[in-house]
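Some notes on the structure that comes next.
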Amino acid sequence: NGDLEAMWKLANGYMEGFHISLDVNEALRWYRTAAENGHVKSQESLGYIYYKGKGVPLNIPEAIRWFELAAEEYSSMANYFLGCIYLRGKGVEKDIDLAEDYLDSSDEFGTTDLLNAIRLMRASEKGDKQAQRDLAFEYATSEALGYDWSEAARLLKLAIAPKEITSAHKIIADFIIAHDDSGQKGDYKIYKPTWHPRPMSFWFNPPIPEDEDESHPCVSGDLVLVDEG
């Protein structure tokens, strides 16, 4: 009967297989029908689906198209993801000024962190070593920034000369560089870092299962350095 909210809810059911058989094509049909008739939540949903490549090939231009329509109706979510897209340069030319404009119109969780990252980017470009260190951490730990280990490693190398590396810096730097070199995370792997004056290796221990004793030595995020010399 043309109820746009009902179309959106039906699309959600098909997309998640919730009380109905999962059917991405049918979900997209109902999302699109509602979105083309101005339903903001359907526009947000389509933007997110194409942004994540959820059940469809990743398509950033299509994501932007739907997010922009939702943003015209002051969608906080759409403004947030448009900010993410332009901040990372994901499928578009990176534009931190435009990203900042979108993020300023959002109150989604994580927006403040991304605005802080923009501040650090500007300071880093001016050679601020502390900003480069802080921004490296943001790139290494932020999903919105794409867990960009390459950029994190680049910033750390700019910020910290080898002769200035403390034990703490060494752990963080090698952790990031090793992830950058290997592309592997969250598993028991041995890595060969590049910044030690003598041979070293380390393991990155994944989070322990919830049912294990909390005193287990391999707590979440532990990094174990081994001096091979």
Side-chain angles (χ1 to χ4, degrees), residues 51 60 63-64 67 71 76 78-186 189 191-204 220-227 229:
Y51 174 78
I60 296 302
I64 290 173
F67 280 142
S76 176
N79 277 293
Y80 173 81
F81 282 110
L82 285 167
C84 291
I85 288 169
Y86 285 102
L87 188 55
R88 288 176 59 185
K90 184 175 180 179
V92 295
E93 185 175 349
K94 184 174 179 177
D95 187 332
I96 64 173
D97 291 329
L98 183 56
E100 186 175 39
D101 287 342
Y102 280 121
L103 291 167
D104 278 336
S105 298
S106 174
D107 59 5
E108 296 291 297
F109 179 80
T111 298
T112 300
D113 291 339
L114 291 180
L115 288 170
N116 182 58
I118 289 173
R119 180 187 63 79
L120 292 173
M121 287 175 188
R122 291 186 172 128
S124 295
E125 289 172 358
K126 297 177 181 178
D128 185 318
K129 300 297 184 185
Q130 186 59 52
Q132 289 167 347
R133 291 184 180 92
D134 293 343
L135 185 57
F137 179 80
E138 293 297 326
Y139 271 112
T141 60
S142 171
E143 179 183 7
L145 292 176
Y147 296 120
D148 192 335
W149 303 98
S150 296
E151 184 63 8
R154 184 188 73 82
L155 287 161
L156 277 176
K157 288 175 181 177
L158 284 176
I160 309 170
K163 65 181 180 180
E164 299 173 345
I165 297 178
T166 66
S167 296
H169 288 151
K170 191 181 297 181
I171 290 174
I172 297 169
D174 282 339
F175 171 68
I176 291 173
I177 291 168
H179 279 66
D180 178 36
D181 291 342
S182 71
Q184 301 179 68
K185 292 180 281 191
K189 302 289 183 182
Y191 302 103
K192 295 293 183 181
T194 58
W195 257 5
H196 288 298
R198 53 195 300 185
M200 302 282 282
S201 67
F202 64 80
W203 291 268
F204 173 62
S220 177
D222 252 7
L223 202 62
V224 183
L225 281 167
V226 180
D227 187 339

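Hydrogens, waters and symmetry mates play no part in the numbers below; they use all other heavy atoms, side chains included. Residues: numbered from 1 along the sequence shown. Everything numeric in this text was worked out from a predicted model, so none of it was measured.
Partners of Gln130 according to the side-chain hydrogen bond (donor to acceptor under 3.5 Å, both in side chains) rule, which considers only residues two or more places apart in sequence or in another chain, are Asp134. Applying the ring pair (Phe, Tyr, Trp, His ring centres under 6.0 Å) criterion to Tyr139, with sequence neighbours excluded, gives no partner residue. Among residues two or more places apart in sequence or in another chain, the side-chain hydrogen bond (donor to acceptor under 3.5 Å, both in side chains) test is passed with Asp107 by Ser76. For Ala78, the side-chain contact (heavy atoms from CB on, under 4.5 Å) partners at least two apart in sequence or on another chain are Phe67, Ala70, Ala71, Ser75. In this structure Thr111 satisfies the side-chain hydrogen bond (donor to acceptor under 3.5 Å, both in side chains) test together with Ser106, sequence neighbours excluded.
Between Ala63 and Tyr51 the shortest heavy-atom distance is CB-N, 3.6 Å. Ala123 approaches Ala131 most closely through the heavy-atom pair CB-CB, 3.6 Å. The shortest heavy-atom contact between Ala144 and Cys84 is CB-SG, 3.9 Å. Here the shortest heavy-atom pairing between Ile118 and Ile96 reads CD1-O, 4.0 Å.
For residues 83-103, the salt bridge (charged side-chain N to carboxylate O under 4.0 Å, His left out) pairs, not counting sequence neighbours, are Asp97-Arg122, Glu100-Arg122.
Between Leu120 atom CG and Glu125 atom CD the span is 11.5 Å, to the nearest 0.5 Å. The CZ atom of Arg119 lies 10.0 Å from the CG atom of Leu135; values are rounded to the nearest 0.5 Å. Between atom OH of residue Tyr102 and atom CZ of residue Phe81 there is a gap of 14.5 Å, rounded to the nearest 0.5 Å. Distance CG/Leu98 to CG/Leu82: 8.0 Å, rounded to 0.5 Å. With values rounded to the nearest 0.5 angstrom, Gln132 atom CD is found 8.0 Å from Arg154 atom CZ. Taking CG from Asp113 and CD from Glu143, the interatomic distance works out to 12.5 Å, rounded to the nearest 0.5 Å.
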Before you tell me yes or no, could you show the steps for Leu103 and Asn79 under side chain to side chain contact (heavy atoms under 4.5 Å, CB included), namely the whole-Å CA-CA distance, both residues' side-chain angles and the distance that decides it to 0.1 Å?
CA-CA 6 Å; Leu103 291 167; Asn79 277 293; over 6 Å; no

Before giving the answer on side chain to side chain contact (heavy atoms under 4.5 Å, CB included), spell out for Leu145 and Leu114 the whole-Å C-alpha distance, their side-chain angles and the decisive distance to 0.1 Å.
CA-CA 8 Å; Leu145 292 176; Leu114 291 180; 4.2 Å; yes

Check step by step if side chain to side chain contact (heavy atoms under 4.5 Å, CB included) holds for Tyr86 and Ile64.
CA-CA 10 Å; Tyr86 285 102; Ile64 290 173; 4.0 Å; yes

